[in-house]
Each structure stands twice: as C-alpha cells, then as structure tokens.
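Values reported hereafter were calculated over all heavy atoms of this structure, with side chains retained and with hydrogens, waters and symmetry mates removed. What you are looking at is a predicted structure, and each value in this text was computed from that prediction instead of being measured. In this chain, residues are counted from 1 in sequence order.
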Amino acid sequence: MIALIARREIATRLQQRGFRLGMAAMLIIVAIACLIPKFVSGSGASSYDIAVVDNAPLAAAVADTGQTLRLTVRVHQVAADVAEAKVRAGSWNAAVIGDRIYAANADSAAVTVIQQAHSALTIDDNLRAAGLTSGQVTQAFAVAPLTVSAVHSAQNTQRQAIATITVILLFVQLIMFMSWVGMGVVEEKSTRIVELLLASVRPLQLLAGKLVGIGALAVGQTLATAVVALGVSRAANTLTIPGVAYATAGISFGWFVLGFAFFASLSAALCATVSRQEEVSGVLMPVSALVIVTYVGSLTVSADPNSTFARVFSMVPPFSVISMPARIAGGAPALDVAVSVALMIVATALVLLVAARIYQAAILHAGSKLKVRDAWRGERVSGLS
C-alpha cells in the first residue's frame, strides 16, 4: 500500500503544470548561474597585442616573457606611426617606440610584460659588457624558483565554491519539498480526500507513502539540478571540477534523504493539526526557522570548515544535514563524518516516530487547530465533522 500511495503522489505532482514549470525554471536558473563566471571572466583581456618598433631583440624578449607568464602575447614589428595609431585606436594594447611605452593603461599586463622583457634584456647586455661569456650569462639567469606552499590554493577555492553551492542547493530543496508535504496534507484534509484514502489504508501507511513519493521527486529534482550544474560548469570551463565534487554530490544525496525525512515528517505532523491552507505557513514556521538556522550556520561552515564551530555544528542533528556535506567538500575527517551520520540517523528515527504518532492522531481532525500536546497524548479524532 505504501508503494501505491507513493506512486499516487508522484503521478499527481508530475501532472501539475506548476511543478513542471518550476522544475524547468530552476534548471534554467542553475545553468545561467553556472555560465555567469564565463561571461564575467570573458570581459577582461585574455590576450595582448604589443608592437615593438625597430628592436628585434626586445620583440623576442617580449614574446618569451609572455610565454613565461603564461599569457597570450602577439608581438608586431611595425613602423612607429602604425604602432602609435593602433594603440590610440584601442586595437593594440601597447607599443614600444624608442625608450618609451605607449599604452592606454599604465598598469596593464601588457606594460608589465614589456618592462620585464626590457629588464631581462638590459641585464643580459650589462653582463656581456662586463666580460661574461654566453655560458656564464645563461648560468647567471638560471635561478631555481622558490618552493611554494599554497595556503589558499586554487583547489581550496574550488572546494569552498563546491561547498557553498551544496549548502544553497540543499537548503532550497529542503524548504521547497518540506512545504509540499505540508500543503499536500492540508489539501487532502480540506477536500476530504483523506477520508476516502483512510478507508483503504492506515494513517501510518498514508504518511509513509506521502514521504516516499514526494521524497523520490525531491531526490530526482536534486539529482537533475546537480547534473545540470556540474555539466554546464564543465562544458563552459567555468569551474575546474575536482574528484571531490562528484564525491560531495553523491554524499549530499544521502544527507538530503535524511534531512528530508527529518523535516518533511515534522511538517506533515504539524500540518495535520490544521485544516485550512492559510494556516500552513504559520504552523510550519518553527520548522522553517530551524532550516534557516541550519542554512546560515552551514554558510559559516563552508567558509571555514576547519574551525571548532564548524566541527561542532556539523555533527549536531539536524544542523549536520547541510553543514556536514559542506565540511566533506573541505576535507572532513572520516571519524567526524561517521559520528555525524550515526547521530543524524538516530535523530531522524526518533522524529519519524514522534511525527507518526501526531499524524495518526490529528489527520482526521477538522475545525480549529489541534494542539500538538493533545495529539501526542493520543486524543485522536474519530472522523471529520
């Protein structure tokens, strides 16, 4: 019976035009958000055109320096009037005429390339003038680079970006589907469909089927969103996706299932105590506030996953639902993850038991709001009035 109820929930939602449009809109928004860095980064100069007048050695040095700095530099050896005209027109970035550099921006990367090339060429000439042989000059320039220990490396930046995206995605999905569960419960009560359903199934089967059905839709939409985000980012080359991204995405689905079971069951139980749609937002306010606190704290965790606050916050249910995936993206210890999972499983099981008891007692209640305390005591209503 639970499977039948779950299939009913899935079919009902998929037939709703609002659900299909909402999912399409979310995927489009995610795709656009992933493309924004491409357009932003594309606004700056990625290649440089530099003119060098009557100075072949400097032209060669400029090309070598650009290659060393991993910049795309095109060197043009033209007449002085052509070089100056190109720079003034904005077609080229800079020009070297005699001992002067002409450039639209004195702080541009093109000027830096020219200055470094000129400095290296001058030092080379000075060393040769001092009597050093070509081999000695080459040896003088053969300086081993210093060892770099990256404190905030590109990979760390990518990890933080992935953690932040994970936090936002989980928060949006939890809020959305938590509300769907609550609205669905009240809708069935207000239209009296629940009477027909409970003639064939038990209240706990109805609750379980509703959670499984909407939960399956939630996981499916979350998976589709993640696939679009990772796919568009990779195709547009806006994000260098390390292996940890895919691991984080997979782990996040497990956490999302636990989080959905926790928050959605609470939503169903609380919404079973009311009978009108306009009362849903009010009765869900405590659960929504808890999700928001989890979200805000998780943003702090993603910014500094190694802090004491991050470790504690990511291990305490239900905050761990969003914050632990953020820490995992930043490299959380396996022991912390295991403890957090165990605590969240226990907390989710307890909440499901409590929610089931309240839902079973309140689902047939009509009229004024039923107090949660009365429902917990088992003062169920035998039928709708």
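Ring geometry for Phe177 versus Phe256: interplanar angle over 60°, hence perpendicular rather than tilted (30 to 60°).
Here the side chains of Ile175 and Phe263 are not in contact, with every heavy-atom distance at 4.5 Å or above. Annotation: side chain of Thr348 is not in contact with side chain of Ile345 (no heavy-atom distance under 4.5 Å). Between Thr294 and Phe171, the closest side-chain pair of non-hydrogen atoms is not below 4.5 Å. The side-chain heavy atoms of Tyr295 and Leu174, taken from C-beta on, include no pair separated by under 4.5 Å. Using a 4.5 Å heavy-atom threshold, the side chains of Val62 and Val96 count as separate. Between Val212 and Glu9, the closest side-chain pair of non-hydrogen atoms is not below 4.5 Å. A heavy-atom distance below 4.5 Å is not found between the side chains of Arg311 and Asn306. Using a 4.5 Å heavy-atom cutoff, the side chains of Ser298 and Phe313 are in contact.
No more than 12 heavy atoms of other residues, nucleotides or ligands lie within 6.0 Å of NE2 in His118, so this atom counts as exposed by the packing criterion. Surrounding CZ of Arg88 are at most 12 heavy atoms belonging to other residues, nucleotides or ligands under 6.0 Å away. With a 6.0 Å radius and a threshold of 12 heavy atoms from other residues, nucleotides or ligands, Met285 has its CE atom at or below the threshold. Other residues, nucleotides and ligands contribute over 12 non-hydrogen atoms within 6.0 Å of the CG atom of Asp125. Annotation: Gln277, atom CD; neighbour count of heavy atoms from other residues, nucleotides and ligands within 6.0 Å is above 12.
Judged purely by atom type and a 3.5 angstrom limit, Lys210 has no side-chain atom pairing as donor or acceptor with the backbone of Val181. Counting only distance, with no hydrogens or angles, the side chain of Ser340 and the backbone of Ser314 share a donor-acceptor pair below 3.5 Å. The backbone N or O of Gln115 sits nowhere less than 3.5 Å from a side-chain atom of Ser119 that would complete a donor-acceptor pair. Of the possible donor and acceptor atoms, one in the side chain of Gln205 sits under 3.5 Å from a partner among the backbone N and O of Arg202. Side chain of Arg327 to main chain of Pro305: a donor-acceptor pair is present (N/O by atom type, distance under 3.5 Å, no hydrogens or angles). In this structure, the side chain of Glu279 engages the main chain of Arg276 through a donor-acceptor pair within 3.5 Å. Between the side chain of Ser307 and the backbone N or O of Asp304 there is at least one donor-acceptor pair closer than 3.5 Å.
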field: Test log, rule side chain to side chain contact (heavy atoms under 4.5 Å, CB included), inputs Val52 and Asn55
entry: CA-CA 6 Å; Val52 179; Asn55 195 334; 3.8 Å; yes
message: Working note: Met26 + Val228, criterion side chain to side chain contact (heavy atoms under 4.5 Å, CB included); need CA distance, chi angles, decisive distance, verdict.
response: CA-CA 10 Å; Met26 173 174 286; Val228 169; over 6 Å; no
CA sep, side-chain torsions, deciding dist, call: Asn93, Val87, side chain to side chain contact (heavy atoms under 4.5 Å, CB included): CA-CA 6 Å; Asn93 301 95; Val87 173; over 6 Å; no
- request: Could you walk me through whether Trp92 and Ile50 pass the side chain to side chain contact (heavy atoms under 4.5 Å, CB included) test, one step at a time?
  value: CA-CA 6 Å; Trp92 292 351; Ile50 299 175; over 6 Å; no
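By the rule that hydrophobic residues join a cluster once side-chain heavy atoms approach within less than 4.5 Å of another member, Val82 and Tyr48 end up as members of separate clusters. When hydrophobic clusters are built by joining Ile, Leu, Val, Met, Phe, Trp and Tyr residues whose side-chain heavy atoms come closer than 4.5 Å, directly or via intermediates, Met344 is not grouped with Leu353. In this structure, Ile292 is a member of the same hydrophobic cluster as Val283, with clusters built from ILVMFWY side-chain heavy atoms closer than 4.5 Å.
The line from CG of Asp336 to OG of Ser320 is 11.5 Å long, rounded to the nearest 0.5 Å. The CD1 atom of Ile97 sits 9.5 Å away from the CG atom of Asp54 when rounded to the nearest 0.5 Å.
Looking at Glu188 and Arg8, a side-chain N of the basic residue comes within less than 4.0 Å of a carboxylate O on the acidic one, giving a salt bridge.
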